[in-house]
Amino acid sequence: MTAIKTQIVRIGNSQGIRLSKAIMKQCHLSREVLLEPHDDALVIKPVKTTRKDWNKQFQEMALNHEDTMLEPSVSTQWDQEEWVW
């Protein structure tokens with residue numbers, strides 16, 4: 001997609017820009033974005049959710065029997081005598 005000219009609009013006491021649905025889709029933008037100022041430019045990036053689809057991935061791990069502990073569980077005397085659930 002080529003550059004598109006737009007106007008800065010007043011939004012209450014702030015100002016903003018309107019982005020077309022096509023640009024939002026092409027750049028994978030949602031309602032939350034990161035703004036990075038660089039010299040005389042402003043870079044708008046999508047926010048990447050680090051835990052996106054974790055539930056689905058955990059379910060796949062369980063189906064593939066890949067959800068085992070990497071290290072054995074260690075129980076201490078404190079765990080046995082003091083810990084309360």
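Values in this document were obtained by computation on a predicted structure and should not be read as measured data.
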Is there a side-chain contact between L19 and L29 (heavy atoms, below 4.5 Å)? yes
If hydrophobic clusters are built from ILVMFWY residues whose side chains come within less than 4.5 Å, do M61 and W54 share one? yes
Nearest-0.5 Å distance, CD of residue Q80 to CD of residue Q77: 7.5 Å
Donor-acceptor contact present, side-chain R10 to main-chain G12, <3.5 Å: yes
Which heavy atom of C27 sits nearest to which heavy atom of P46, and what is that distance? O-CG, 3.7 Å
Determine the minimum heavy-atom distance between Q15 and I8, stating which atoms define it. OE1-CG2, 3.3 Å
With distance as the sole test, does D79 use its side chain to make a donor-acceptor pair with the main-chain N or O of S75 at under 3.5 Å? no
Counting neighbours of CD on E32 that are heavy atoms of other residues, nucleotides or ligands and sit closer than 6.0 Å, is the number greater than 12? no
Could you list the residues that satisfy salt bridge (charged side-chain N to carboxylate O under 4.0 Å, His left out) with E81, not counting sequence neighbours? none
Applying side chain to side chain contact (heavy atoms under 4.5 Å, CB included) to I11 and not counting sequence neighbours gives V9
Distance in Å, I44 CD1 paired with L34 CG, rounded so as to fall on 0.5 Å steps: 10.5 Å
Measure the CD1-CD1 distance between I17 and I4 for me, rounded to the nearest 0.5 Å. 10.5 Å
How long is the straight-line distance from CD of E66 back to CD of Q57, given to the nearest 0.5 Å? 11.0 Å
Single-linkage hydrophobic cluster V33~M24, side-chain heavy atoms < 4.5 angstrom: yes
For W78, the ring pair (Phe, Tyr, Trp, His ring centres under 6.0 Å) test, sequence neighbours excluded, returns W83
In Å, rounded to the nearest 0.5 Å, how long is the span from OG of S30 to NZ of K48? 12.5 Å
